[in-house]
Student: 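Got a structure for you, questions after.
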Amino acid sequence: MTDGASKTGPFKGHHREQRPMQNRTYTADADPGETVTVAGWVHEIRDLGGIAFLILRDKTGKLQIKFEKDEMDDDLVETGLGVHRESVVSVTGRVEEEPRAPTDVELVPDSVDVLAEADPELPLDPSGKVEAELPTRLDNRTLDLRKPEVKAIFEIRAEILRAVRDYFRSVGCTEINTPKIVATGTEGGTELFPITYFGQEAFMNQSPQLFKQLMVGSGLERIFEVGPIFRAEEHNTPRHLNEATMIDFESSFIDHNEAMDVCEGTLKAAYEGVAENCQEQLDRLGYEEFETPDGDFPRLTYEEAIERVNATGELDEQLVWGDDLSTEAEKALGDDIGGHYFITDWPSEIKPFYIQDYDDDPDLSKGFDLMHPRMELVSGGQREHRYDELVTGFEQQGLDPDQFEYYTKMFKYGMPPHAGWAYGVERVVMTMLDLPNIREAVLFPRDRQRLSP
RNA sequence: GCCCGGGUGGUGUAGUGGCCCAUCAUACGACCCUGUCACGGUCGUGACGCGGGUUCAAAUCCCGCCUCGGGCGCCA
């Protein structure tokens, strides 16, 4: 940038007071010998009498600020030690090497500015001396995310999304966005949130399924989307949300086996990204060793899966062909396998209409699920791309094809064979970090009871 | 949708009929303390979700309401 350009910008060089943050130094970058201005939150004040320490916290860590009462200006001491915890301050002073300080450096202040005073009684304690329950934490998410271990979850979540996006690009995908306000549901089964759209009945979208299929028939061919989905089920569990974030993938000219390859690739990329780039966050969360999945994920057919569940002897009643896997069955199988695995070749009748059946066995579908030992992560499959078969599938599942004409119509104009899948970001975060509740993996969860904040 | 459990100071808890004008920790207020790092010490402020009932006596038992969490189903 030239001098001339900089003078026309929002921050003019000779008005330093208009950009106080420009000169801010992160606590982690405060090196001995420098005079710096740091800014952040008052984590704690330890007043020992003649000497007192203010611990300042910012996004990079904590820095100790020393106040020697007899040797320093009274106003400075009064301002620095008179603030409540979690107030926002900026402090200018000299950084000194000090082996007795927690980080081996401390700041000797010349001036302290209180930018925002905090109320003395906090709804939760960011220093973590006293635990808070999840509802209290969610009601006060701003304070909650001042805790380094809570912040770490969302830094890791961001890294998962980065790694997944990079992986998708590496296999030739284009990122798309599809509408979240829609006229009809996807599968007809799940409850939708009804809304009014200029006087017309409409719904919050339950899944990008139909839209992403329409796009594999477009010139884009191979696409992914990261976006919200909305489901009006009144479930109350630690693994369901009414608004979740889905990672959807769909590609032309691949089958369900190749779709599983991509699925496995994205998940491994997510684990590897976190292992490579989030060691500090993992440390904060207390991970001794973070294991990335190695080797190929086992691919069990549905038939093999129910046989294996029955062989564990964990279930009171044996599964028979055609049964869906109950939560109990999923857990028994997950314990038995001990890692991620696919279940393939599901009975057609428990998979949606858009999943293709085997030509030589119409009772068997090319649908698959990716499972973590704790829960289902992904649902996907080879799609039905043939117009006549698709419309027949609608009718067999009791759906009216006319309602989905915008979708089926495009299958008349050259829809290539295609396959894809979708997984829930929150479930990936939750299983990766072994979080007890899916609400931990969302900043502001929407569940049966919670609409605010 | 069906079923189960819980709500005690700001926060997290102890207390299952009288021992409770309610325990402990932390926070908050006051005072003491020159190397803390969950700083320490002394003193103090502060709560039984709401309404009704049973009982000589209710935080505790019963009913209704509000509210939160969990199990199943279904799903990601």
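Per chain, numbering begins at 1; letters A, B, ... match sequence-line order. Here the structure is a predicted model, which means the values were calculated and not measured.
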Student: Please report, rounded to the nearest Å, how far the C1' atom of B/A76 is from the CD1 atom of A/I343.
Tutor: 14 Å
Student: Counting only Watson-Crick pairs (N1-N3 plus N6-O4 or O6-N4) and G-U wobbles (N1-O2, O6-N3), all under 3.5 Å, who is the partner of B/C66?
Tutor: B/G7
Student: Is the closest side-chain heavy-atom distance between A/R427 and A/H240 below 4.5 Å?
Tutor: yes
Student: Pairs under 3.5 angstrom only: tabulate donor-acceptor contacts from the side chains of residues 317-325 of chain A to other protein residues two or more places apart or in another chain.
Tutor:
residue : atom : partner : partner atom : Å
A/Q318  : NE2  : A/N310  : O            : 3.4
A/D323  : OD2  : A/V320  : N            : 3.0

Student: The criterion is side chain to side chain donor-acceptor pair (under 3.5 Å); which residues satisfy it with A/D139, sequence neighbours excluded?
Tutor: A/R450
Student: Would you tabulate the pairs of protein nitrogen or oxygen atoms and nucleotide nitrogen or oxygen atoms of nucleotides 45-48 of chain B closer than 3.5 angstrom?
Tutor:
none

Student: Quick one: A/Q209 CD to B/C75 P, roughly how many Å, whole number?
Tutor: 14 Å
Student: Please state how far atom CE in A/M246 lies from atom P in B/A76, giving the value in whole angstrom units.
Tutor: 6 Å
Student: Provide, to the nearest angstrom, the distance between the CD1 atom belonging to A/I229 and the C1' atom belonging to B/A76.
Tutor: 6 Å
Student: For A/H43, check side chain to side chain donor-acceptor pair (under 3.5 Å) against everything at least two apart and list the hits.
Tutor: A/R57
Student: For nucleotides 66-74 of chain B, just jot down a letter per nucleotide in 5' to 3' order: B, S or -, based on protein non-hydrogen atoms under 4.0 Å.
Tutor: --SBBBSBB
Student: Can you tell me how far P of B/A30 sits from CD1 of A/I45, to the nearest Å?
Tutor: 12 Å
Student: Mind checking what makes side chain to side chain contact (heavy atoms under 4.5 Å, CB included) contact with A/E307, not counting sequence neighbours?
Tutor: A/E303
Student: Just how far, in rounded Å, is C1' of B/G29 from CG of A/L81?
Tutor: 16 Å
Student: Could you state the CD-P distance from A/E86 to B/C28, rounded to the nearest angstrom?
Tutor: 10 Å
Student: Go through the structure and list residues passing side chain to side chain contact (heavy atoms under 4.5 Å, CB included) with A/A118, not counting sequence neighbours.
Tutor: A/E86, A/S87
Student: NA contact type, A/V425, heavy-atom cut-off 4.0 Å: base, sugar-phosphate, or nothing?
Tutor: nothing
Student: Tell me: CH2 of A/W421 to P of B/A76, nearest whole Å?
Tutor: 14 Å
Student: For A/D47 and A/E376, take the nucleotide of RNA chain B holding the closest heavy atom to each; which residue's nucleotide lies nearer the 5' end?
Tutor: A/D47
Student: Taking N or O atoms only and anything under 3.5 Å, show me the protein contacts with nucleotides 35-38 of chain B, one pair per line.
Tutor:
residue : atom : partner : partner atom : Å
B/G35   : O6   : A/K66   : NZ           : 3.2
B/G35   : N1   : A/E106  : OE1          : 3.4
B/G35   : N1   : A/E106  : OE2          : 3.2
B/G35   : N2   : A/Q64   : NE2          : 3.2
B/G35   : N2   : A/E106  : OE1          : 2.7
B/U36   : O2   : A/R46   : NH1          : 3.4
B/U36   : N3   : A/Q64   : OE1          : 2.7
B/U36   : N3   : A/Q64   : NE2          : 3.4
B/U36   : O4   : A/Q64   : OE1          : 3.2
B/U36   : O4   : A/Q64   : NE2          : 2.9
B/U36   : O4   : A/R100  : O            : 2.6
B/C37   : O4'  : A/R46   : NH1          : 3.2
B/C37   : N3   : A/R100  : O            : 3.4
B/C37   : N4   : A/R100  : O            : 3.1

Student: Taking side chain to side chain contact (heavy atoms under 4.5 Å, CB included) as the test, write out the residues that go with A/S111, two or more places apart.
Tutor: A/T92
Student: My understanding is that only residues two or more places apart in sequence, or in another chain, count here; which of them pass side chain to side chain contact (heavy atoms under 4.5 Å, CB included) with A/A101?
Tutor: A/Q64, A/E98, A/E106
Student: Identify, with sequence neighbours excluded, every residue that meets salt bridge (Lys or Arg N to Asp or Glu O under 4.0 Å) alongside A/D144.
Tutor: A/R137, A/R141, A/K147
Student: Check side chain to side chain donor-acceptor pair (under 3.5 Å) between A/N236 and all other residues, then give those that pass, not counting sequence neighbours.
Tutor: none
Student: If you count heavy atoms of other groups shown closer than 6.0 angstrom to CD of A/E131, is the number above 12?
Tutor: no
